[in-house]
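Below, chain A is the first sequence line, B the second, and so on; all start at residue 1.
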Amino acid sequence: MLDYYDVAELFESEERQIQRSARDYLDNELMPNIADWWESGEFPTDIIPNLGEMGFLGANLPQEYGCPGVGNVAYGLIMYELERIDSGLRSFASVQGALVMYPISRYGSEEQKHKYLPQMAAGNIVGCFGLTEHDGGSDPGAMKTTAVRDGETYILNGTKMWITNGNIADIALVWAKDSEGDIRGFLVPTNANGFKANKIDKKMSMRASVTSELVLEDVAVPATSMLPDAKGLSAPLSCLTQARYGIAWGALGALESVYNDALRFSKSRSTFGRPIASRQLVQDKLVDMVTDHTKGLLLAWKLAKMKDNGTMAYNHVSVAKRENVRASLKAARIAREVLGGSGITLDYSVIRHMLNLETVDTYEGTRDIHTLIIGRDLTDENALT
Amino acid sequence: MSINIIVCAKQVMDPETPSSAFSVDSDIKQVTPVQGIPPVVNGFCENAVEAALQIREAAGGGTVTVLSVGNEFVMDVMKKPLSMGADSMILIQDQLCENLDALGTVNVLSAAITRAGEFDLILCGQQASDWDNAHVPLGLSETLGIPCLTEAKNIEIGDDSVTVNSSRTDGYEVFEANLPALITVNNEIGEPRYPTLRGIMQASRKTPEILSLSDLGLSEDQMAPAMALSDLYIPVSEAQCEIIEGEDDADSGRLLALKLREAKII
């Protein structure tokens with residue numbers, strides 16, 4: 001692991017072991033194929049049970065529901081290692097764990113927890129999270145999807161957009177407004193009548209990840225499919241906080257990957273008789289990458305400790321997501337420069353990470369939105385609305 | 001059926017260490033540890049752990065105890081067999097174990113195994129990636145007075161016996177021996193499983209038993225090397241490039257073949 005300040009010294013022994021085991025597994029089993037999956041626009045669904053077996057799905061959720069129950073440093077390190085391979089893989093795990101399993105764990109009934117969490121942790125059930133709609137992800141409260149109660153049933157109508165895992169999911173957590181205008185969450189089987197997932201193709205980012213539009217036309221679900229303790233926008237936003245936390249770690253994995261490519265390339269590529277690593281301008285680029293990675297790792301570690309002890313607030317997560325993702329995107333762009341023409345090929349990880357990170361910089365709150373979240377916290381003035 | 005297995009595992013320098021970072025100190029005749037690259041459990045020893053776990057699982061019960069001898073263990077590294085599923089670990093950690101030769105290692109391991117009590121099977125990696133000697137398993141079986149079956153590709157446990165399919169350069173040999181026995185394995189036995197999060201968390205509740213040589217009743221005299229390392233150095237390799245030029249490609253090929261024959265390469 002790239003670790004210029006030996007931040008890993010701050011980790012527990014088990015956390016270091018988890019990071020190492022995750023890296024061994026991912027390097028051996030997934031890394032060799034990731035460029036091909038990305039190029040062909042394919043998410044390798046056959047790996048899902050293996051990710052479950054390793055414990056990567058809902059890793060920080062309670063053991064009583066079949067999850068590993070590790071702390072937040074270990075969870076972050078798993079996100080780091082997944083995204084070191086590809087942001088699409090990390091996105092799969094984030095959606096499964098932070099956006100579907102977490103809300104079931106926090107807001108679900110005991111029956112829902114026992115029904116879904118062990119199966120989702122094992123990778124036998126895949127979930128997706130339907131919050132964003134066509135008319136803007138940054139304003140989820142303006143959603144148009146509705147849930148109308150009809151006896152012991154809710155009828156859902158609406159369309160969700162940019163839904164990771166949509167076409168491979170067995171259940172969708174769909175957020176909709178009820179007749180009182182309250183936002184509620186519903187666990188909708190994707191084989192329900194009236195439910196349709198349309199795969200979004202022609203993406204130039206997140207190609208090893210499934211992105212979909214969800215269309216719900218008079219989808220009837222039992223009232224028991226609603227998460228009983230989730231009411232209002234704060235519920236889905238709390239899920240986003242969990243996912244953003246994972247992204248703050250994951251982005252650093254991508255940064256390590258592009259840095260390593262840039263370092264290796266700069267040592268092997270010579271111009272005018274000397275490796276380009278000996279050039280001051282190239283060294284400046286490498287130093288910036290390592291400095292950003294070091295700062296980001298310390299930020300992520302401290303955030304994990306705050307999350308473990310319950311002092312982490314969503315605005316703290318905004319700082320880390322905003323900072324680490326942008327640092328990673330910047331590093332990928334600079335690494336692409338270092339690699340020159342080679343940087344645009346899939347022989348290296350750089351262009352793949354760079355294009356993925358354009359999405360990561362946008363989803364789960366754009367950089368601008370996080371700026372305004374932090375700004376509101378600092379000034380008590382709301383520039384979001 | 002229940003089977004009790006001891007696996008001997010060695011902590012070694014990571015064989016994936018870049019050659020550019022590898023160096024030896026010829027004065028003290030030791031490899032210089034590389035900063036920032038942690039050691040690993042020897043690869044074939046991990047294969048032995050995997051074999052032991054599979055045998056225990058097939059038997060439906062028993063124990064897998066991992067045993068290691070060294071001077072300075074890195075616990076993050078050495079706990080890997082426990083994270084894979086081994087039941088317990090005994091580490092003989094002593095300053096005097098820093099540069100043991102094979103005989104000294106055999107003495108320590110046999111004393112630790114005798115102390116540990118009854119066992120059905122000892123599994124060892126075929127050889128360790130640091131020195132590649134492959135001496136210890138043979139010496140250990142001799143000292144303990146049990147049969148040694150090497151390079152196992154497949155291991156089947158019977159009521160009081162074990163059948164081993166051993167890899168040979170020109171095929172396989174099948175051996176049967178009474179238990180207890182010692183078996184060496186290499187990568188042909190199967191890839192070691194990855195420690196899962198659950199495995200790592202379960203292993204975090206297992207504390208290796210750490211013993212010194214005095215705990216085993218061993219004296220410094222018994223660690224005296226039977227073999228002296230007279231020199232240690234990295235061979236100097238010199239590359240010379242000669243361009244073979246002919247009238248055309250075929251002629252160049254012919255001249256190259258002549259050159260290689262003169263050098264007795266072909």
| message | So, using salt bridge (Lys or Arg N to Asp or Glu O under 4.0 Å) as the criterion, who are the partners of A/K115 when residues are at least two apart? | response |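 Salt bridge (Lys or Arg N to Asp or Glu O under 4.0 Å) list for A/K115, sorted by chain: empty.
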What would the table of donor-acceptor pairs between chain A and chain B look like if you include every N and O pair under 3.5 Å, whether backbone or side chain?
| residue | atom | partner | partner atom | Å |
| --- | --- | --- | --- | --- |
| A/S13 | OG | B/D76 | OD1 | 2.5 |
| A/R16 | NE | B/D76 | OD2 | 2.3 |
| A/R16 | NH2 | B/D76 | OD1 | 3.4 |
| A/R16 | NH2 | B/D76 | OD2 | 3.3 |
| A/Q17 | OE1 | B/S83 | OG | 3.2 |
| A/S21 | OG | B/P195 | O | 2.6 |
| A/N28 | ND2 | B/Y194 | OH | 3.3 |
| A/E29 | OE2 | B/Y194 | OH | 2.6 |
| A/M54 | O | B/L197 | N | 3.0 |
| A/G66 | O | B/R198 | NH2 | 2.6 |

| message | I need the minimum non-hydrogen distance between B/L197 and A/A59, along with the two atoms involved. | response |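 For B/L197 versus A/A59, the nearest heavy atoms are CD2-CB, 3.6 Å.
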| task | Please list, chain by chain and in numerical order, all residues satisfying side chain to side chain contact (heavy atoms under 4.5 Å, CB included) with B/A48, sequence neighbours excluded. | result |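 Per chain and number, B/A48 pairs via side chain to side chain contact (heavy atoms under 4.5 Å, CB included) with B/V7, B/L123, B/V185.
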| request: Could you check if a side-chain atom of B/I200 sits within less than 4.5 angstrom of a side-chain atom of A/V70, using non-hydrogen atoms only? | output: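 SC-SC contact between B/I200 and A/V70 ruled out.
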| message | My understanding is that only residues two or more places apart in sequence, or in another chain, count here; which of them pass ring pair (Phe, Tyr, Trp, His ring centres under 6.0 Å) with A/F265? | response |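 Expected list: A/Y348.
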